[in-house]
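In this text, all values refer to a predicted model and were calculated from it rather than measured experimentally.
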Amino acid sequence: MDPSDDELKILDEHGHQLPPELRDIQNSHKEYLFEKTKKLIENSPLEGKISARCLDLITYSAHYSSRCFENELLETVVKHEKKLDKSIFPNEFFHRSWRSRPVPHMVLVVGVPGIGKTFMMQKFVYDWVKGDLYQRFSFVFFFTFRELNRLEKVSLESMILHHYPYLEEKLGNILEEPEQILFIFDGLDESNHTIDFASHDLCPDPKQTGPCGQIVVSLVRKSLLNGCSVLITSRPIRLRYIDCDVFQRMVEIIGFSKYEQQIYFRHIFSKLADKVFNYVKQNTFSMFCYFPSYCWIICTVLSKINQKTSIDQEVSSLPKTVTQLFAIFVNSILSNQILDKSDTQKLLRSMGWMAEYGVMNRTIIFDDRDLESFHVDNKSKLLSSSLIESNKDVTYSFLHLAVQEFFSALVHYVDYSPEKLQNSLKRATSFHDGRGEMFLCFLCGLSDASTRSILTGYLDTQADQASKDVMTWLKNLVNKEQLMGSIKERQHLRKTFFYFVEAQNKTLVRESLQSVKKIDFSGVSMSSVDCTVLAFIMESCTHIEELNLSLCSLDPEKIGTLVPVMHNLQKLSLAQNYMESTSCIQLASVIRNNPSLRILDLTCNRLYGPHLSDLMESLSSPACKIEELHLAVNIIPDTSCIYLASGIRNNPSLKILNLSYNQLFGPHLRDLMEALSSPGCRIEELYVAKNKLQDTSYIELASVMKNNRSQKILELSYKCLCGPNLSDSMEAQSSADSKIEELQDFIFLLDLLMDRITPRDGADPSSFSYDRVDFIDRHQSDLIQWIAYIDLVVSQFYDKDLVNVNQFNNVMKKRTSKEKMIELCDIIRHWEEAKKIMGFTVIQSYNEMSIEDRKVEEQKSVDPPPSISGEVTERHHSADNRWITNIDQVLLNLRDQDLLTPKEYTDVMEMRTSQEKVGKLRNVTRHWEFIRMYKAYKVIQKYNEDLTTIDRPPIIRETSQEPAEPQASCHKMDFSCEFCGQEQDQDQVLAEVVSERIGSRYRLEVKSPGLYHCRKTGIKFQVKAPVIIEYNLEAWSDHLNHFQGNYEILGPLFNIQTHGEPNAVSAVYLPHFLCLKGFRGDTSQIKCAHFKDGNLTLETPTRIDPFYITVEAPTFSLLGALFGFGKKTIPIHGIVLIYFTVLCKGDPEEEHRIHLYVLPHTTNAEEDLDRTNKHHKYLRIVKPEHTRNTVYTNMEYLVSGHPEVSVCPETLKFQSERYQYTEIQLKKTDAEIFLSVSEEVAKDPVWTTHLRQSDMKNTIQSLLQLIQHEGSCACLPGQRLHFLDEHRADLIQMISVVDPVLDDLLGPNLLTSEQYQTVRSQNINHEKMRRLYDYIKSWGNEDKDKVLQSLRKHNRSIINHLERGLV
């Protein structure tokens, strides 16, 4: 068991008490490491004291998927701006986080080349030696994978002694306490060894010899020195090929903060640092200042230029692009060599082709064989300046990965070949992991003649032709899909624009975008460099009319970059950027200098503040021609109405003004209303909903309606459509002077009132009576008492930037959920409405049922529950039904006031129930004019006063996260998909099923033509003559495995036979679970698999529809839907099933276990799992099973639970027919359990549910009845479990040596040969253990003792730890 946080703190400060002999050897070890790390020796020509270079690097907790679509470097630039305030420090790597209860022992540090991984590890060791860091580790062993590449088969002891020979005498004593040891392995991406963290071939003994990679894996998998800690560094690209689940913490380094960048520049440039830094910020290569090694290259280049001419003078020699920066850098290297030009050119050719080979094949380490194959002279001085030779190994690498990428592009201008160039362009654009992006960047950059001139004398005579080829390729790179497509396409467009900037060819930009009128980057997070790139494009293309930068994370600095190029736009959208008031200064400049601008959308920002006046003053500018201005959701107070009024009075062009969702209520609203009534106001549409307008505001609104001859549409807040002064507005609207054609929200209100009297479509009336804005405030005391999953809620608040890092820490420091919620409510209290809506959504996602309970209780306190059927009850029956009977009084009054004609009144009263009457009334009133509807509203209000307080449903639509629970006995195939829609039944006759058992035959005897549907299996038959159809379900693996090729199963496999007239069945409809509308692949590869006489035929279906493929004139045997073109990640309709059992019922250590499956939507799988789990005493808890979104085959899904539960394994790989499950282990608890399944690369879960006490209690009762019925004693109340059952989850996860155990069990015939082979066939150890447990569950204690004896024999340390309670 890990020490407590307080104990760890003491150990980190003072360390362990060591025997004198070990203390002496520890001191010697620290002296050696001090000498090794006191000087910084990175993979660059830089050297120096580490204490002088110890700038802080930003690190943050990360989670990686196996998919990578972005260049490592560019992706890190984007992350850097998002994660500045979410960093953790090296002294927190091996500490618990609020997310994880156990102390992490296996930590992976990730970072792009040049980000400072090696530097951080050296500093880590240096700080440990100095006593400043992690003294809990008595010994730290530091290795680089580059050094380990020289070792083949070694033992752990020999590997340590190879690097630290002075430890030989005491190494055995050191290894006896693995908890006091830390291993650091730097540069996993440089390893030549096989590193498979999912391997079951592990080494348990420090003296045992094996491949070097196996030793590393065994340490991480805890087979070797269980209890030690391991820290590994790697490039992100390597993570695509390893199993990262073995690491308890993953950390990514994202480089310097802006402050640290400035410090670095001051080290180099002293007094000129600020000028140099400001110059760098104006150019695209500024994004690389986050990386230490790039900072060194940038400073090297600029310092050399400064030696020749003053840096503060504007000279043409200063680089403006990334390509120019590296061209100058490489030129300085070449200039220092005393070589003939032809020799230099020859060496550039050979090194260039080797560099390109490395880029295309992700190779950064080269040896003498590589140099020889590319004819690189390893004795050249140029080589020593461009490549670094390892101190111990005869291997080479370029000074920096970017230098390698530059050489790979440069070679096409040094040794031009049109075939090679086109081939390289094609290959670089085909990579989906981003490896070719910087190569393309440099290739485009060198197409610029001024950039190539830096390297004059080294280039090919046909370099100009190479430039033309690259420009032709670049011109064709922009396509319509990128300009009008998805966010992913827009991200690709952003990269294309970056290539244009590198090419520095404005003519090329204009020609490529000549037909483009709109640029849309909405939803794409824009960095400062992205804005610089976009400014270049906009400056080149003055014909662009519309720019959409909504949801782009813009700030005043980024806006300032774009302002000078916005002078020709007609429409500009900057919504949802949360810009502050200071941005109004730049926005005002845009308005004053752009007479073309007609539409400006600033919705959902934070423009309230003193600088809003600048924006309003610009509206009065003679150049301003804006017709639409959207300022909704900006928290604008009523004091700003003075500025708004000034802008409105003096702007004759403004026609549409949206001020909804602000805070305009107050005395200064009068100024705004007066301006709207002024002769100069031309506003036609005014939106002021959700501004908390008081009843007195309607007097001013009435004046606006009468005096503004332009206004046609007025949107008011539905909450305020009441009060004595409302009649002023109504009278004004109906006056002859008013030109208002539509008063929005009023018609909606009347319709909503009718819904409240009698809900339609079974809607819950309580859903209309609460507002997400006010919910948290209204129910603060309740929330404090019953809030669940507070840690997850606060985490989501933090991830969505609803709370800052200080607020997050203040909440998480609190000890209990109640204290945390009190602190959180104090923060929420000061939020604006938009944030409260987001906050409510987060809380609801984790506390759905509790929220629903509060809504129902709130509704009960306002309105009695409705009755939607039955006759109209008399008034004296019950006060609960009082308002339902009022419909008759309402109708009578509507008739008396001539609002209903006698015929309309009679038609409505003829309806039998209240519900029918309200429905009829709704149809009658739907086409009424406004004033008539208003009078009807007043009548309804008179008889249903409590209904007039209703709130309009929130703007953001909500869907139920947990629909009504299905019955366990229901096996319908009906399904609804957001893409494919609802599966519709036609007039079908259900098949008569003879047997209910899985694998048995189904029999359908048809006597008349028609379409017949088996609801148990989903299959349909179109029959044209009497016939008997018999069929059963079979396993694909029994048939498909005999054939070569990779196939993806899309549905059940049916074995069908018919008896009767030939061709009596004209068509068969085979069910499939492919999400057809969400599938973006080749549908021609969707086949009907036909197995007959040992052969497989892939037939093309007659028709492919959502949920079914149709085969007409079928021949029957084995049929099923199949994807016939290799293993792919394809979208399917998925479900999640959960099964529950209880162990040690009645015991103080009573334990609950859950098996959770993610599988395709197919009924036969459900029945099969129900039967299998029931056999093992697991019963299904019926919960909403359909996933919210489509799921994907061959993808891994993360299973998580809260409160803290043990999930093993945490990820499930989704496969069509292999129904794997994860086991969830929890102690007996009275709390609700929240479970979720999410794609590892996504944040939003695809499935969630709550397990409540009632769910588990009911299942326990059913389980006890089952046990009693079967006479089983496997889990009787109060019975202690066998050791194997008690520690099942731990043994499955931890046992590392399984095969010898299986051999032991095969000998005394505990396992049959078939069972033995089944277990051995599993790929990884925990799958073997899980399958083994499937067999030993039914064994007696005597046989289980034999299993335990074998486990102890081969996994002694693990069993000892479990027996001592250390795990």
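Contact between Leu1076 and Asp1105 at its shortest, heavy atoms only, is CD2-C, 3.5 Å. Pro1131 approaches Leu1074 most closely through the heavy-atom pair O-CD1, 3.2 Å. Contact between Ile1130 and Glu1048 at its shortest, heavy atoms only, is CD1-CG, 3.6 Å.
How far OG1 of Thr1110 is from OH of Tyr1069: 5.0 Å, rounded to the nearest 0.5 Å. The OG atom of Ser1066 sits 9.0 Å away from atom CG of Leu1011, with the distance rounded to the nearest 0.5 Å. Taking CG from Leu1332 and OG1 from Thr1318, the interatomic distance works out to 11.5 Å, rounded to the nearest 0.5 Å. In this structure, the separation between CD1 on Ile1154 and CD1 on Ile1138 is 6.0 Å, given to the nearest 0.5 Å. Rounded to the nearest 0.5 Å, atoms CD (Glu1223) and CG (Leu1156) are 11.5 Å apart. A distance of 10.5 Å separates CD in Gln1085 from CG in Leu1122, rounded to the nearest 0.5 Å.
The shortest side-chain heavy-atom distance between Thr1248 and Leu1235 does not fall under the 4.5 Å cut-off. A 4.5 Å side-chain heavy-atom check between Ile1019 and Ile1056 finds at least one atom pair inside the cut-off. No side-chain heavy atom of Ile1029 sits under 4.5 Å from any side-chain heavy atom of Phe1116. In this structure, Cys1014 and Tyr1012 have side chains that are not in contact, with every pair of non-hydrogen atoms separated by 4.5 Å or more. Side-chain contact between Leu1159 and Ile1135: present, with at least one pair of heavy atoms (C-beta onward) separated by less than 4.5 Å. Annotation: side chain of Asn1055 is not in contact with side chain of Phe1091 (no heavy-atom distance under 4.5 Å). Within the 4.5 Å cutoff, side-chain heavy atoms of Leu1137 are placed close to those of Arg1180. Contact check for Tyr1335 versus Val1319: side-chain heavy atoms found under the 4.5 Å cut-off.
A cation-pi arrangement is present between Arg1288 and Tyr1333, with the terminal nitrogen or guanidinium carbon under 6.0 Å from the aromatic centre and inside a 45° cone about the axis. Cation-pi check for Lys1020 over Tyr1108 is met; the charged atom lies under 6.0 angstrom from the ring centroid and within 45 degrees of its normal.
When ring centroids are compared, Phe1021 and Tyr1031 come within the 6.0 Å threshold. Aromatic pair His1133/Phe1107: centroids less than 6.0 angstrom apart. Between Tyr1139 and Tyr1157, the gap from one ring centroid to the other is short of 6.0 Å. For Tyr1178 and His1155, the distance between ring centers is under 6.0 angstrom.
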* To do: Decide side chain to side chain donor-acceptor pair (under 3.5 Å) for Lys1087 and Thr1100; before the verdict, give the C-alpha distance in whole Å, the side-chain angles of both, and the deciding distance to 0.1 Å.
  => CA-CA 5 Å; Lys1087 302 292 186 181; Thr1100 300; 3.1 Å; yes
- Query: Do Val1191 and Ile1132 pass the side chain to side chain contact (heavy atoms under 4.5 Å, CB included) test, and can you show the C-alpha distance, the side-chain angles, and the key distance before you say yes or no?
  - Reply: CA-CA 6 Å; Val1191 290; Ile1132 70 169; 3.8 Å; yes
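Counted by atom type alone, His1090 and Ser1117 present one or more donor-acceptor pairs between their side chains at under 3.5 Å.
Side-chain atoms of Thr1187 come within 3.5 Å of backbone N or O of Gly1134 as a donor-acceptor pair.
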